[in-house]
Amino acid sequence: MSKVDVLLGLQWGDEGKGKAVDFLAPKYNIVARFQGGPNAGHTLEFDGKKHVLHQIPSGIFHPEILNVIGNGVVIDPIVFAREIRDLEPFGVDASKTLILSNKAQLIIPTHKLIDKALELSKGEEKIGSTLRGIGPTYQDKIGRHGLRIGDIIHKDFDVKYQKLKKQHLSLLSTLELDDDFHQQEQEFFKSLDLMRKFKIQSTEYLINESLKSGKDILAEGAQGTLLDIDFGSYPFVTSSNTTTAGACTGLGIAPNQINEVFGIFKAYCTRVGSGPFPTELFNQEGEDLRRLGNEFGATTGRPRRCGWLDIPALNYACMLNGVTQLFMMKADVLSDVTPVKICESYNSSNGIIKEFPYIWDDTFSPIFREVPSWKLNGVPAYSDLPDNLHSFIHSIEQSVGVPIHLISLGPDRNETVLKKS
Ligand code: GDP
Ligand code: IMO
Ligand code: MG
């Protein structure tokens, strides 16, 4: 039976999705991105080299696999062209193995200006957006006047582009255009020429026909469940559905085609940008996690906020996504960190709660349990992991009710331990 498995983040993004997708990719015929855009930064490491992908699916280094950018994604051609160029020195000819949905939305240079202007107008309340034009592009999609990738190969594209740009400029009329706007626009049009060389098609047919002919598909999420537009800590969220449901709408897959849902989380938590973070550490422990985990954004380089593992949040994410298997990343970072803490519930004015609250404010505080740390030596087989790490794994499995099948002990493809081979 062919199937669609979904791999997605259960926290605030940057859980290690890129590494995990690259590791699993050889089991699949197609890897497909279903939402988000260049706000994502997915890191892959192998053969001593590190690669960061923003819009291109993380299966791209496997020449036998087809990679699809689905209709739910928003694409910036400038970032796209740079990513394609960055792949070339590694012998990756993406034009052979990458297909774009004609229904994915196009990010144009003015979307980025609007993103910046909106963020500036929020002052202290700013979201901490990556300023890649994500929100304004999804706004235009929902407002039903966005441009789609399919439009770039139509003769009236320039007219449509000018119309949308004019609309944006009237919104921005009180602002000066950035000095480099005209240069950005030139690069945009040059990048569109490169994009036109790729196959642009109704990828929902490709996906469903591939399934019929027995092919297996891995859907790659971007961001994380707690940044979901509906269920994240609104308004400090991204502008798409980062949950399993997003894989259905973002690729054109019927819900009953979804098989496994791989939920990926760090052994602790991080968040980049503003918004509530119940287990955040403001002390030396937080600094240590940032340093040991090298917690700096793959897209913007911003330092990530760090905190302990949050079980109520993890439970919430598993519930929303129907997670069938958990992947725990960065267990190596907690090696030698003493003590390790886990938040199992929150204190609130109504007593102890285990639900992720609608709004997190001063009336809540996390309740932590200390657990002993572990000392790692290399990448052992699952059965040879340190006892304290086994206990940590079992206690999470018990709290969440979902088995942990993969444990990641380093950024490299090979630093990965499977419970069952
Ligand atoms: P993504 O957005 O979910 O793909 O995650 P990012 O690439 O933004 O951030 C994850 C970071 O952790 C990257 O720098 C990875 O190379 C790194 N990483 C992934 N797994 C592990 C792991 O198990 N241990 C360590 N130390 N680093 C990891
Ligand atoms: P990956 O796929 C971590 C965060 C931003 C900001 C909020 C809204 O690498 O896990 P946006 O640019 O969407 O307007 O930003 O969401 N954010 C991410 N944080 N990882 C990501 O992607 C993110 N994509 C967006 O920092 O707080
Ligand atoms: Mg990332």
Side-chain angles (χ1 to χ4, degrees), residues 7-23 33-46 49-55 57-58 73-74 76 107 111-112 114-116 118-119 122 126-139 220-229 232-240 242 264-277 289-305 327-335 376 379 406-417:
L7 183 146
L8 43 72
L10 300 179
Q11 297 164 324
W12 285 277
D14 301 331
E15 297 89 348
K17 297 174 291 293
K19 168 182 168 165
V21 170
D22 170 62
F23 176 82
R33 273 278 303 270
F34 58 88
Q35 45 69 236
N39 48 351
H42 294 183
T43 314
L44 289 64
E45 266 190 58
F46 52 88
K49 290 250 156 39
K50 175 172 154 175
H51 307 269
V52 181
L53 298 169
H54 300 284
Q55 307 176 116
S58 301
V73 176
V74 290
D76 182 336
I107 301 177
H111 279 130
K112 288 178 270 188
I114 295 175
D115 215 0
K116 214 157 128 187
L118 284 173
E119 189 76 335
K122 290 185 174 136
K126 72 171 187 191
I127 292 169
S129 167
T130 60
L131 304 180
R132 299 299 190 264
I134 308 296
T137 307
Y138 278 118
Q139 253 170 286
E220 173 181 3
Q223 289 79 57
T225 303
L226 304 175
L227 289 171
D228 181 271
I229 182 74
S233 39
Y234 192 90
F236 303 103
V237 292
T238 191
S239 303
S240 62
T242 57
I264 169 166
F265 70 102
K266 281 178 190 169
Y268 49 98
C269 282
T270 64
R271 175 166 199 165
V272 60
S274 326
F277 181 178
L289 283 181
R290 185 174 308 113
R291 180 176 43 84
L292 294 166
N294 192 23
E295 295 296 354
F296 296 90
T299 298
T300 57
R302 291 178 291 178
R304 295 177 182 144
R305 300 156 62 192
F327 293 177
M328 184 168 77
M329 312 302 280
K330 298 193 119 170
D332 55 305
V333 173
L334 299 186
S335 178
L376 279 163
V379 184
L406 182 151
I407 295 110
S408 175
L409 299 181
D412 193 273
R413 214 186 246 174
N414 295 326
E415 293 171 304
T416 312
V417 178

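Counting from 1, the numbers follow the sequence of the chain as shown. Order of appearance sets the numbers: ligands from 1, and atoms from 1 within every ligand. This is a predicted model, so every value here is computed, not measured.
- Close contacts of ligand 1 with K19, meaning ligand atoms under 4.0 Å from a residue heavy atom, involve 20 (N).
- Rounding to the nearest 0.5 Å gives a distance of 11.5 Å between CG of L10 and CE of M329.
- The N/O atoms of H42, backbone and side chain alike, include one that comes under 3.5 Å of an N/O atom in ligand 2.
- The G273 neighbourhood of ligand 2 comprises atoms 27 (O), with distances under 4.0 Å to a heavy atom of that residue.
- Scanning the protein heavy atoms around atom 4 (O) of ligand 1, the nearest turns out to be G18 N, 2.8 Å.
- With a 4.0 Å heavy-atom cut-off, ligand 1 is reached by the backbone of L409 but not by any atom from C-beta on.
- Of the listed residues (L406, D14, L44), the one carrying the non-hydrogen atom nearest atom 10 (C) of ligand 1 is D14.
- A heavy-atom separation below 4.0 Å is found between G41 and ligand 1.
- Residue-to-ligand polar distances place G128 within reach of ligand 2: an N/O pair is separated by less than 3.5 Å.
- Only side-chain heavy atoms of D332 come within less than 4.0 Å of ligand 1; its backbone N, CA, C and O stay farther off.
- Taking every heavy atom of W12 and a limit of under 4.0 angstrom, the matching atoms of ligand 2 come to 3 (C), 19 (N).
- Taking distance alone, with nitrogen or oxygen atoms compared against 3.5 Å, V237 stays at or beyond that limit from ligand 2.
- Among R305, R290, K330, the single residue meeting the side chain to side chain donor-acceptor pair (under 3.5 Å) criterion with E295 is K330.
- Using a non-hydrogen distance threshold of 4.0 Å, G41 registers as a contact of ligand 2.
- Here the CG-CD1 distance, from D332 to I407, works out to 12.0 Å after rounding to the nearest 0.5 Å.
- R304 counts as a contact of ligand 1, since one of its heavy atoms falls under 4.0 Å from the ligand.
- The nearest protein atom to atom 17 (N) of ligand 2, hydrogens excluded, is given as L227 CD1, 3.8 Å; this is a heavy-atom distance.
- Interface atoms of ligand 2 facing R302, defined by a heavy-atom separation under 4.0 Å, are 5 (C), 26 (O).
- Note: no N/O pair closer than 3.5 Å links D115 and ligand 2 by distance alone.
- Between the Mg ion (ligand 3) and G41 there is an N/O/S contact shorter than 2.8 Å.
- Surrounding CZ of F296 are more than 12 heavy atoms belonging to other residues, nucleotides or ligands, all under 6.0 Å away.
- Residue A222 has at least one heavy-atom neighbour below 4.0 Å for each of these atoms of ligand 2: 2 (O).
- Taking OG1 of T130 as the reference point, atom CD of E119 lies at 9.0 Å (rounded to 0.5 Å).
- Residue-ligand proximity: R271 is placed with every non-hydrogen atom at 4.0 Å or more from ligand 2.
- Protein heavy atom at the shortest distance from atom 13 (O) of ligand 2 is T238 OG1, 2.6 Å.
- Here the heavy atom of the protein found nearest to atom 20 (N) of ligand 2 is D14 OD1, 3.1 Å.
- For the 3.5 Å distance criterion, the side chains of N39 and Q223 qualify, holding a donor opposite an acceptor.
- Between V272 and ligand 2, at least one pair of N/O atoms sits closer than 3.5 Å.
- The residue from T43, L334, V333 that puts a heavy atom closest to atom 15 (C) of ligand 1 is T43.
- Ion pairing between a basic and an acidic side chain is recognised when a charged N comes within 4.0 Å of a carboxylate O; R304 and D14 show such pairing.
- At a 4.0 Å cut-off, not a single heavy atom of R132 sits close enough to ligand 2 to count as contact.
- Where the criterion is an N or O separation shorter than 3.5 Å, residue side chain and backbone included, E15 fails it with respect to ligand 2.
- At a 3.5 angstrom cut-off on N or O pairs, S239 does not count as close to ligand 2.
- The atoms of ligand 1 that sit less than 4.0 Å from any heavy atom of S408 are 20 (N), 21 (C), 22 (C), 23 (O).
- For atom 12 (O) of ligand 1, the closest non-hydrogen atom of the protein is K330 NZ, 3.0 Å.
- Residue-ligand proximity: R304 is placed with every non-hydrogen atom at 4.0 Å or more from ligand 2.
- Looking only at heavy atoms of the protein, atom 1 (P) of ligand 1 is closest to K17 N, 3.5 Å.
- Looking only at heavy atoms of the protein, atom 14 (O) of ligand 2 is closest to S129 OG, 2.9 Å.
- Atoms of ligand 2 found under 4.0 Å from any heavy atom of A40, numbered from 1 in the order shown, are 1 (P), 2 (O), 9 (O), 22 (O).
- When only non-hydrogen protein atoms are considered, atom 12 (O) of ligand 2 lies nearest to T130 OG1, 2.5 Å.
- If you look at D14 and ask which of its N, O or S atoms sits nearest the Mg ion (ligand 3), the answer is OD1.
- The backbone and the side chain of H42 each have at least one atom closer than 4.0 Å to an atom of ligand 1 (non-hydrogen atoms only).
- By the 4.0 Å heavy-atom criterion, G410 is counted among the residues contacting ligand 1.
- Atom 23 (C) of ligand 2 has Q223 CG, 3.6 Å as its closest protein atom, hydrogens excluded (heavy atom only).
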